[in-house]
Number of protein chains: 2
Amino acid sequence: MQLPDAYSANCPTRMVLDRIADKWAVLLLGLLAREPMRFNRLRREVEGLSQKMLAQTLRSLERDGLVSRSAFATVPVTVEYAITPLGRTLADTVDALRVWAESHMPEVTANQLRYDAEKAAA
Amino acid sequence: MQLPDAYSANCPTRMVLDRIADKWAVLLLGLLAREPMRFNRLRREVEGLSQKMLAQTLRSLERDGLVSRSAFATVPVTVEYAITPLGRTLADTVDALRVWAESHMPEVTANQLRYDAEKAAA
DNA sequence: CTGAATCCTACCGGATACTG
DNA sequence: CAGTATCCGGTAGGATTCAG
């Protein structure tokens, strides 16, 4: 059976989704879109983000060329992360999601409450 | 420095991300944005989507009011899923991601190859 | 300070079987 | 056809420890 390209296993849509699906990546990209930051600063900014996931996520963002890493030979070492031009284009696109969220989340929440109430009634 | 609301644990941005992070949800929303479909049709359209995840994802989409479910008392029963107006606004927003993917994924892939090559060299 | 490595657990999600 | 229930393995990811 042949599937439409748009929904086969390795279409562009899926590939970008696998990246966006990483919520830490999106959050970090959003932060770095504002200003460059260092490792522990990022760690403190994002609530609930473990050190392991931070390192791991920064690695993949760097690999994708969405974020750049600069190390300075101070003592102790200083490392700064910054968004790249490519990263910025994605951040801008993703920002549309934030806008959607802010204007529609109340409605979604209301829907959930209603759904749960109807469920409980049955 | 006080954490910006945007990155605390339950901000709107995070909530929408938790939804977008579910790639099956996004894929289904995209399909239903085109035309209403029945359960097994959706199952056939999306490669690699298990029956369990399909049912589960449809439940949560319905709960959020992004998709509507209509059952018809035929024999055997017929159930049709359709996108709601609210769902359509999200689908449109998410579509921007697809556009980004199609124009920038080649560059990302190139970056990955270069990163891996430099890594291997070291 | 910026990580990498190890361990360990919770949960995601696939396979299978059963029901209205 | 449209699901739900159960089992169960793989893995994401947290906690902890160590290193440059």
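Only this structure's heavy atoms are used, side chains among them; waters, hydrogens and symmetry mates stay out. The shown structure was predicted, so the numbers you read here are calculated from the model rather than taken from an experiment.
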Contact under 4.0 Å: R69(A) side-chain N or O vs dT2(C) OP1/OP2: no
Whole-Å gap separating C1' (dC1(C)) and CZ (F72(A)): 14 Å
Gap between atoms CZ and C1', on R43(A) and dC1(C) respectively (whole Å): 12 Å
Below 4.0 Å: OP1/OP2 of dA2(D) and any side-chain N or O of R38(B): yes
4.5 Å side-chain heavy-atom contact, K23(B) and V26(B): no
Test: R41(B) and E80(B) ion pair at under 4.0 Å: no
Same apolar cluster (I L V M F W Y, side chains within < 4.5 Å links), Y115(A)/L90(B): no
Whole-Å gap separating C1' (dG13(C)) and CG (L58(B)): 16 Å
Distance below 4.0 Å between Y81(B) side-chain N/O and dG3(D) OP1 or OP2: yes
Any side-chain donor near an acceptor of the partner, R114(B) and N111(B), under 3.5 Å: yes
Footprint string (nucleotides 4-20 of chain D, 5' to 3'): B base within contact, S backbone only, - free, heavy atoms under 4.0 Å: B--B-----BBBBB--B
Minimum side-chain heavy-atom gap L29(A)-I83(A) below 4.5 Å: yes
Residues forming a side chain to side chain contact (heavy atoms under 4.5 Å, CB included) with A110(A), sequence neighbours excluded: none
Interatomic distance, L42(B) CG vs dC1(D) P [rounded to whole Å]: 13 Å
Salt-bridge contact K119(A)-D116(A) (side-chain N to carboxylate O under 4.0 Å): no
Global bending angle along the helix from dC1(C)-dG20(D) to dG20(C)-dC1(D), which compares the axes of five pairs at either end, to 10 degrees: 40°
Electrostatic pair R34(B)-E45(B), nearest N-O below 4.0 angstrom: no
